[in-house]
Amino acid sequence: MKKILAVDDSASMRQMVSFTLKKAGFDVTEAKDGVDALNIAKSNTFDLVISDVNMPNMDGITLIGHLRGLPDYKFVPMLMLTTESGLDKKSAGKAAGATGWIVKPFNPDQLLATIGKVLR
Amino acid sequence: MSIDLSQFYEVFFEESFEGLDAMESELLNLEPGTPDNETINTIFRAAHSIKGGSGTFGFSAVADFTHVVETLLDQIRDGQRQLTQVQIDLFLQSVDCLREMLSALRDSEEPDTQEAQALKAQFEAILAGDELAGLESNQVTPDDSSNTAVEEESRLGWQIQFKPGKDILKTGNEPIYMLQELGEIGDVELDINLDFVPTLETIEAEDCYFNWDIKLKSDCDLAKVDEVFEWVVDDCEINITPLETLVSAVDEEVSENATELGQAPAAEAITPAVEPENQDSSPAQSAKVTESTPAKKDNAPKNAEASSIRVGIEKVDSLINMVGELVITQAMLTQLSEGDFDKAKLVSLQEGLAQLAHNTRDLQESVMRIRMLPISFVFSRFPRLVRDTSKKLGKQIELKLLGEQTELDKTVMEKISDPMVHLVRNAMDHGLETTEERIASGKSEVGSITLNAFHQGGNIVIEIIDDGKGLNTEKIKQKAIANGLITENSDLTDEEINLLIFEPGFSTADQVSDLSGRGVGMDVVRRNIQALNGSVELASTPGEGSTFTIRLPLTLAILDGQLIRVGEHIYIIPLVNIIESLQINLEDVNCVGGEYDVLRLRDEYIPIIRLFDLFNHEPDSKKMEDGLLVVVEHDNEKIGILVDELLAQQQVVIKSLEANYMKVEGVSGATILGDGTVSLIIDISGAIKLAGLKKSVRRSIEKAVVDLESA
């Protein structure tokens, strides 16, 4: 089963993402901010990381930058959740090593379709 | 996949309200100018989350409105704008507006968007105030749809030259997946180009050296193809051209199949490709469907407010710990019951039962603690209230909050909020003087309101302290006389006179101001607090200020009760109400007006209620001297309740009669005793009413007794 790390400071978004992915047959671990995610990521391996951008403690772009530097995460796809108005974040995210992005708001089907781009 | 998004609503509302609270308290800390980065970031983040969530869950009215709020916040955060007081006020109004809208949505109602529209217009006016580049990014979405518009006519497909950047794999992107994705759009013909693959000596295992020429046979538009490469377009060389031009320009090598396609009627070629496209465009539709479902949901509970609670993990852990101990005790008792029971086991049994009692008590306390929340949940609304009110009143007011971590039951908390708001408003409006008055009387020009909470023997005590002018006892007295509450020659102490402000229909404000005195009097405050089994007291020193003290039980679920017996019936009197219990000395009893018995106890006259009369029971004896008198206090007045016998004191779990049966006068609830019988809990104020002992009657009794004595 493919393992996904879902990072979002908003509990409802996290639950929605997690629920959708679990229902689609993924093994999902949740983290509530960048620091939390980094700690979890260090003691586990994942096939995909999905992270919100704007979070307390450590934002998503910093998280992706840190993760990309870890040997285990060199090739792991990492997607950021961003809003249309946060488009300028995309290039910053790419520079940090993000694979791609999912634009909020999205519905479960869109989420799964997007994930299909990097997990097959 | 169909997923019912409504299951996430509750969490969304909860976190949104928390976010709004955070926004509000941070906004209150803001000063115009260039605000502290972390503060503005916290505010931004809250708005951002609400926008994201409301968009996702289909609350578009909220999402639209939050968008403009967020945009302005973003510009302030980026230093593109100076924060002004007007903006702070506008943000605060937005918080209120969002709260209203979200509350309506939570209750499955259509939110009123009028206010939001008005505020939105103000935001847009600010945003349009000067030309900022940042604004335009909202309208411009990097969508190549303009390109595709030209290419409306049916087409055969696309020729794609795809040369991935060398580092593409290190961003987590996988070119193979992209090719597969193209395969889902239509038929794909691949030509791989290995020209750039270096020799084995110089090859970097982690780099990508391949590139491809792709023929995609599909009538999809360019945007669809662009979407496949969306994430990598900046790092790769990608060249996309319409396939038909290539076909006509010839390419001898094009397979027969492809040539056939070129000549075949377009419609035929299109058919296979139509389906995937339709499917892929459906998210937009399904988004609409999910949007409309919440409105249709009418099985969602109204007033979902009390339906969930956040509990700290350490509380749950302690609970699990307790249950663990309980299980051990249970195992021990089970072991005891096995085999024959002899005397030797008796000691162990007693020990086991004592242990069980201990476990149960601990468990009970832990469970109660789960419902306990820090009072800061209530206190947190006051900074805003004080800020707004002080502006309106033109007074300078400082608010101090003490004991914010004091915990109390969630239900109690929800109900105490309104009375507290009323008391704080009153303190600001009537209690605190104007700045000029304060200076004239030698006080600091900033008035102070203090909210203080602490625990005191099973109760929570909340104090509302102001350093204002104190109550004007003389004015209260005159007003009370004018209202007929007391007479000229009533002999009342200053404290007793001050308490008159809690009487129905009392208001001392010379003029009814906008803030207090809008018809909801202090009597309502007291009634609400009493409904929670609480009390409110008042201390006031002229020139120095007033203190209102609210006392509340920590929980409404359990009560310390005194079991009493009348005939064969057992009732419970809340222990908090009981002052003392005594045997009656008949010499001290007077009968007033042939109707009411009054006991003279020390310097007070206490009306006696015979419980057997009240509830129509047959007592052991109707003689007063055979029974016991339980003296209870209510509303700062003492009443004696005549019973046959006092039994044990114990904690009882309150079961609502109203919910299970109907409201019964004189009874506040019921409980189940150790032997399984149901016992009713006496509601003191109800019992007094039932006995016909209205306040006026009590006063006239007192007066009669005094007259009697002096005669």
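Convention: sequence-line order gives letters A, B, ...; per-chain numbering from 1. Since the structure is predicted, the reported quantities are computational estimates derived from the model, not experimental observations.
Between the side chain of B/Tyr209 and the main chain of B/Glu204, a donor-acceptor pair closer than 3.5 Å is present. Side-chain atoms of B/Arg106 do not come within 3.5 Å of backbone N or O of B/Glu14 as any donor-acceptor pair.
Distance check, rounded to the nearest 0.5 Å: CD of B/Glu24 to CG of B/Asn29 gives 11.0 Å.
Neither the backbone nor the side chain of B/Glu174 comes within contact range of chain A; no heavy atoms are under 4.5 Å apart. At a 4.5 Å heavy-atom cutoff, the contact between A/Val76 and chain B is made by backbone atoms alone. For chain A, no part of B/Glu38 is nearby; none of its heavy atoms comes within less than 4.5 Å. In this structure, no portion of A/Ser18 lies under 4.5 Å from any heavy atom of chain B. The part of B/Asp235 that comes within reach of chain A is its side chain, from C-beta onward, which places non-hydrogen atoms under 4.5 angstrom from that chain. Proximity to chain A is limited to the side chain of B/Phe44, based on heavy atoms less than 4.5 angstrom apart. Contacts of B/Gln180 with chain A are made by both backbone and side-chain atoms, with heavy-atom separations under 4.5 Å.
Interface check for chain A: of the options B/Leu169, B/Ile168, B/Val11, the most heavy-atom pairs under 4.5 Å are formed by B/Val11. The candidate from A/Gly100, A/Ala98, A/Pro77, A/Gly116 with the greatest count of non-hydrogen atom pairs under 4.5 Å with chain B is A/Gly100. Here B/Arg45 is the residue among B/Arg45, B/Glu181, B/Gln7 with the most heavy-atom pairs under 4.5 Å with chain A. When the candidates A/Asp8, A/Leu119, A/Ile64, A/Asn54 are compared by the number of heavy-atom contacts under 4.5 Å with chain B, A/Asn54 comes out ahead.
Under a cutoff of 6.0 Å and an axis angle of 45°, A/Lys3 and A/Phe46 form a cation-pi pair. For A/Lys94 and B/Trp231, the positive end is not near the middle of the six-membered ring at less than 6.0 Å and at most 45° from its axis.
B/Asp74 and B/Thr71 share no donor-acceptor pair across their side chains, judged by distance under 3.5 Å alone.
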Note to self: Assess the residue pair B/Thr42 and B/Glu26 against the criterion (side-chain hydrogen bond (donor to acceptor under 3.5 Å, both in side chains)); give the C-alpha distance rounded to whole Å, side-chain angles, the decisive distance to 0.1 Å, and a yes or no.
What the structure shows: CA-CA 8 Å; B/Thr42 308; B/Glu26 295 292 338; 4.9 Å; no
